Number of protein chains: 4
Amino acid sequence: MTPPKDRSRTDKRERILAAAVKVFAERGFYNAKVSQVAAEAGVADGTIYLYFKNKDDLLISAFEDRMSWINSRLTNELETRQPPVDRLRRFFAMHLLLAVHSRDLAEFITVELRQSARFIKEYKNPKFAEYLNILRGLIVEGQQQGAFRRDVDARIVTRALFGMLDEVMLTLVLSRKTPTEEQVAFYVDQLEKVVLQGLLLNPDAS
Amino acid sequence: MTPPKDRSRTDKRERILAAAVKVFAERGFYNAKVSQVAAEAGVADGTIYLYFKNKDDLLISAFEDRMSWINSRLTNELETRQPPVDRLRRFFAMHLLLAVHSRDLAEFITVELRQSARFIKEYKNPKFAEYLNILRGLIVEGQQQGAFRRDVDARIVTRALFGMLDEVMLTLVLSRKTPTEEQVAFYVDQLEKVVLQGLLLNPDAS
Amino acid sequence: MTPPKDRSRTDKRERILAAAVKVFAERGFYNAKVSQVAAEAGVADGTIYLYFKNKDDLLISAFEDRMSWINSRLTNELETRQPPVDRLRRFFAMHLLLAVHSRDLAEFITVELRQSARFIKEYKNPKFAEYLNILRGLIVEGQQQGAFRRDVDARIVTRALFGMLDEVMLTLVLSRKTPTEEQVAFYVDQLEKVVLQGLLLNPDAS
Amino acid sequence: MTPPKDRSRTDKRERILAAAVKVFAERGFYNAKVSQVAAEAGVADGTIYLYFKNKDDLLISAFEDRMSWINSRLTNELETRQPPVDRLRRFFAMHLLLAVHSRDLAEFITVELRQSARFIKEYKNPKFAEYLNILRGLIVEGQQQGAFRRDVDARIVTRALFGMLDEVMLTLVLSRKTPTEEQVAFYVDQLEKVVLQGLLLNPDAS
DNA sequence: TATGAATGAGAATTCATTCAT
DNA sequence: GATGAATGAATTCTCATTCAT
């Protein structure tokens with residue numbers, strides 16, 4: 001019984017993508033060698049070029065594929081009837097939990113998205129835009145429902161919150177050992193205190 | 001009468017650093033060629049190696065030199081008797097104003113610090129640590145003086161605020177045209193609303 | 001009722017040869033990919049290796065097969081009782097008419113024979129030798145019958161005439177549009193004037 | 001006393017060109033490796049790319065440089081007051097003597113011009129065109145002065161004569177040993193008999 | 001010190017060929 | 001026989017770094 005061709009092809013493509021995520025996360029795009037990705041995937045160097053146009057394409061494909069997966073999980077998880085505040089908390093948690101459950105991927109996305117800032121901007125980046133849109137949707141909804149203040153631009157807040165999450169994830173990901181879920185919960189709690197309630201003890205006085 | 005040698009050396013070193021900041025900002029560290037930096041500095045390729053050990057050292061030196069300058073300006077500016085809240089505002093503003101007054105430098109720091117996340121972390125990064133320390137000092141002081149809430153870890157808040165500022169600066173820096181001071185003031189105002197007063201309209205209810 | 005195997009084999013081999021002629025003519029041997037030949041022939045890449053040892057063998061086989069065909073047509077056409085001069089004219093015409101009736105083949109032979117000058121010489125080339133022999137036979141016969149001058153070496157004349165025809169065919173084959181029979185007739189006429197009657201208006205004076 | 005920079009640069013460029021002519025002649029463009037050319041020239045691989053854009057450019061440059069040299073020698077030699085017939089003879093001789101005096105170059109030009117027929121046509125080839133123009137000038141002048149028949153197109157005759165010379169040179173160049181000047185003189189004599197006086201013993205009868 | 005030509009290690013990519021299905 | 005996915009050897013070209021001048 002031969003495996004269906006599509007299955008086999010898909011498997012190999014996926015193996016290469018997983019290897020790329022791992023190797024790019026470990027060494028960074030520019031220091032990673034295509035041959036290292038091939039070795040990690042257990043295929044010949046040339047095989048990579050059967051599935052991807054070149055090294056850049058491999059990076060972009062890995063990024064898009066993984067972001068798609070993240071976006072669809074987020075979308076599923078957040079399409080609840082819960083109040084916006086709870087969903088924003090959940091978003092924070094899911095963002096940071098990536099460092100617990102898929103450390104390679106967390107590192108890949110955190111480091112590569114930055115490493116390739118220009119690169120990725122130039123070639124557009126619809127999946128990342130989608131990610132930000134999900135976050136922005138939460139903010140806007142919260143504003144409409146009267147949960148969040150309306151005197152701030154949702155677009156700017158989105159960026160600010162993403163920056164926060166991203167930087168915190170970077171510290172998690174660069175630390176010697178993988179964080180636990182409890183540690184992540186603590187971080188989420190801290191971030192909420194800052195951005196939901198604000199740092200000021202006596203806001204009216206400000 | 002030739003200029004004092006030290007002066008001349010210093011000048012050339014500075015010219016190379018300025019060129020590195022510009023070229024690395026424009027093309028990214030890995031895509032920038034040493035010969036492009038040399039050309040921009042108006043020196044021969046080999047001359048760079050009289051002042052810096054190698055390309056990595058040039059990056060680190062440029063980063064540290066510029067961060068030192070930024071840190072000292074910050075320190076000067078913030079050693080006032082003003083209340084912590086005002087100083088935090090001032091910190092936000094100074095961070096983002098870099099995009100207005102030294103766009104190359106803002107881009108260099110934003111993009112390179114990311115691009116070289118691991119790289120720069122691995123080789124330690126005392127100047128960046130110092131920058132974060134200044135910010136943390138403001139938080140801690142605010143907490144001690146009763147202006148900021150005490151139930152958050154200053155270290156985490158520091159990271160979160162830095163991430164916010166960094167991400168917002170990235171958007172400023174990657175946009176087609178240099179922002180104005182007014183635009184930056186608007187951004188600062190928005191960020192303050194989020195992190196000082198909090199997003200929630202009715203915090204007690206949360 | 002399946003077709004006899006030999007027939008099927010022959011067909012496929014022939015399809016591959018035709019494809020090779022076409023693709024090698026279009027792109028040149030070194031720039032042509034085996035996979036392009038396979039695609040043109042409508043077979044899998046690997047199939048080519050069931051019929052030919054390797055890419056070189058495919059080139060040689062295509063060349064020999066086509067030259068055999070050309071030689072046999074020439075032999076048929078020229079085994080008449082016509083005077084040598086007329087047969088030489090006919091030879092010229094048949095050579096150049098290939099550009100009209102089998103442009104791919106004409107291009108393949110003209111360009112590849114040159115491209116592979118050494119290559120083909122090294123591996124011997126009996127079919128090409130046979131082609132030259134037919135031409136030489138005409139010269140020798142003409143000399144014996146007193147139609148052509150005897151104070152020239154038939155071998156050298158053969159080479160010279162072939163070079164002439166080959167170069168003229170190259171120009172025909174590289175021109176934008178396929179030449180017509182009339183154009184070819186004109187070229188033949190011109191070449192005859194040169195090599196049969198000579199360029200000199202007043203030969204005795206020379 | 002340092003050698004003038006231009007001198008040194010020119011020398012190295014020339015060494016690389018000479019090496020390219022030799023190696024390309026020996027192995028053909030596609031089978032020749034850039035590293036072989038570098039080794040032959042006694043420089044590092046990378047040095048070649050300081051003087052030439054890429055391997056193609058090296059081929060074209062070598063071809064153009066050598067053709068320029070040939071053209072200027074031809075021009076000098078042929079700008080005499082001698083009758084066209086003598087100058088045509090001289091042209092034949094000079095063409096073929098290349099095989100005696102610069103065997104590598106003769107082989108390079110003969111084989112590469114063919115090997116790269118398409119390649120060179122596509123990228124234009126002014127130096128080769130100039131060579132043909134010199135030859136055509138002789139024909140036309142001969143026609144104008146009444147030495148050569150006028151009922152042939154000089155352009156076609158030019159091509160035909162070049163093809164003859166080229167093919168004969170190919171045989172000289174591919175033979176085991178370098179021909180002598182005497183042998184070349186014999187070939188020239190044979191070619192003259194064919195194209196000046198014509199093959200026919202009794203032209204009027206034709 | 002300064003130069004910039006030269007170096008050569010290193011990496012991405014191609015493609016003829018193989019072989020399991 | 002036929003397929004075409006996989007292989008990996010081979011090659012071009014780049015560019016950080018060196019060093020003779």
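It should be emphasised that the depicted structure is a prediction, and the values quoted were computed from it without experimental measurement. The chains referred to below are lettered A, B, ... by the order of the sequence lines, with proteins before strands, and numbering in each begins at 1.
Taking atom CD1 of residue A/I48 and atom P of nucleotide E/dA12, one finds them 10 Å apart after rounding to whole Å. Residue A/D57 contributes atom CG, which lies 15 Å from atom P of E/dA12 at whole-angstrom precision. Rounded to whole Å, atom C1' of F/dA6 lies 10 Å from atom CD1 of A/I16. Atom OH of D/Y51 is separated from atom C1' of E/dA6 by 8 Å (rounded to the nearest Å).
Applying the salt bridge (charged side-chain N to carboxylate O under 4.0 Å, His left out) test to B/K55 and every residue at least two apart in sequence or in another chain returns nothing. With sequence neighbours excluded, no residue forms a salt bridge (charged side-chain N to carboxylate O under 4.0 Å, His left out) with C/R103. Partners of C/A18 according to the side chain to side chain contact (heavy atoms under 4.5 Å, CB included) rule, which considers only residues two or more places apart in sequence or in another chain, are C/E14, C/R66.
Across C/D57 and C/F52, no two heavy atoms sit closer than the pair OD2-CA, 3.5 Å. Taking all atoms of both residues into account, the shortest heavy-atom contact from B/F108 to B/A25 is N-CB, 3.7 Å. In terms of heavy atoms, C/K127 sits closest to C/S68 at CE-OG, 3.1 Å.
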If pairs are Watson-Crick or G-U with both distances under 3.5 Å, what is the dot-bracket string of DNA chain E, marking crossing pairs with [ ] and pairs to another strand with |? .||||||||||||||||||||
Which pairs of donor and acceptor atoms, one on a side chain in residues 37-49 of chain D, lie under 3.5 Å apart (sequence neighbours left out)?
unit_1: D/E40; atom_1: OE2; unit_2: D/K22; atom_2: NZ; d: 3.2
unit_1: D/T47; atom_1: OG1; unit_2: D/A44; atom_2: O; d: 3.4

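Within the 3.5 Å criterion, the main-chain N or O of B/N31 finds a donor-acceptor partner in the side chain of B/K33.
Of the two residues contacting DNA chain E, namely B/A44 and D/A44, the nearest-nucleotide position lying further toward the 5' end is that of B/A44.
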Reading nucleotides 13-18 of chain E from 5' to 3' and marking B where a protein heavy atom lies under 4.0 Å of the base, S where only the sugar-phosphate is that close, and - otherwise, the string is BBSSBB
